> 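Quick one: the structure is below, questions incoming.
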Amino acid sequence: MNRFTRTLAATLGTVALLAATGASAADYPDHAISVVVPFAAGGPTDTVARNLAQAMATNMGQGIVVENKGGAGGTIGTSFVARAPADGYTLLLMHVGFSTAPSLYKKPGYDPYTSFEPIGLIVDVPMTVLARSDFPPKDISELAAYVKANASKITLANAGIGAASHLCGVMLNEAFGVNLLTVPYKGTAPAMNDLLSKQVDMLCDQTTNTTQQIRAKTVKAYAVTSLTRVPTLPGLPTMDESGFKGFQVGIWHGLWAPKGTPKPVIDKLVKSLQTALADPKFQNSMQQLGTTVLASEANPEALQAKVKQQVPQWAELFKKAGVQPQ
Ligand code: ASP
């Protein structure tokens, strides 16, 4: 095939796909788009998705519906989108867990490199180390000693293996030299409910879900997981400055479409994402929840590069920590 026939074949492929899916890139989107969040409603990823959906819907002139498909650390919802029609009407909003699941599950249900078309990065969210409001330790150093002395009695909630709360829990266990009993949920929204009602003792969760509870003192907050303090929670020390050198976990979020989604559709989504991230209303609501908006990385190349860098990095970390895929 020469260059001309190759281009022609690629174009015909796109046309065939558009015909098969009944879509026309020129008309896209002509009905509501669904964004799948692979965690429970009302949680941190859901909060990012609902803010983004509103901003993208405004600039696209079409409704965007958030669908929650929680379970198995986000792999159920993620693999659902991997199998969805590649027509631009079913998208995935997922976080760092996209790149950890392939080394934590024997069958995650998707391939991080081949199952999706990347659209772009969205936000980076720090995490907070929390306990129920009546937990005895007063600060992070007391917490470390208390957890060590009472390890067999303490429960740590998370959103399933591979979720951000699980990753942070693995790091906390290592930092404190313990192995706490974990209680999995379909997202940290229900985990937070159980922390508030004191059914579980501890939770490490993103500021998108914890800022309001920390301010209202309905939970006890000990530290943030970013290397610098979070401007919206200035009283909370970092883990790093509290003696846990190098303890850092930031939860980057991205937007994907199923593999094979036509390029003109992806181009429209990229433009819409970039416009949404430049929207002062979106920026403001995200910044108030302690996140960093990744406007300059809201493109397919940046998200692809992120995944390429993160998958082997996490695989290495789990290997070192002796975590086996299940
Ligand atoms: N992001 C998840 C949620 O929205 C929680 C997690 O990853 O820990 O519930």
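Quantities reported herein were computed from a predicted structural model and do not represent experimental measurements. Computed over heavy atoms, backbone and side chain alike; hydrogens, waters and symmetry mates excluded. Order of appearance sets the numbers: ligands from 1, and atoms from 1 within every ligand.
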> Would one find more than 12 heavy atoms of other residues, nucleotides or ligands at under 6.0 Å from atom NZ of K308?
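No, not enclosed.
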> How are the rings of F176 and F244 set relative to one another: parallel (under 30°), tilted (30 to 60°) or perpendicular (over 60°)?
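Correct class here is perpendicular.
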> Would you mind listing the cluster partners of L130? Hydrophobic ones only (ILVMFWY), side-chain contacts under 4.5 Å, chaining allowed.
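V183, Y185, M192, L195, L196, V200, L203, I214, V219, V224, V230, L233, L236, all in the cluster of L130.
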> Answer yes or no: is there an ion pair linking K281 with D279, defined by an N-O contact shorter than 4.0 Å?
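Salt bridge: no.
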> So that I can tick it off, tell me whether K263 and D267 are bridged by a salt bridge, with the cut-off set at under 4.0 angstrom between side-chain N and carboxylate O.
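A salt bridge links D267 with K263.
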> With hydrogens left out, which residues have an atom under 4.0 Å from ligand 1, given that only heavy atoms count?
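The answer is F39, P44, T45, H95, A159, A163, A164, S165, G187, T188, Q206, counting any residue whose heavy atom sits under 4.0 Å from ligand 1.
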> Identify the residue among W256, W252, Y113 that makes a ring pair (Phe, Tyr, Trp, His ring centres under 6.0 Å) with F98.
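By the ring pair (Phe, Tyr, Trp, His ring centres under 6.0 Å) criterion, F98 pairs with just one of W256, W252, Y113: W256.
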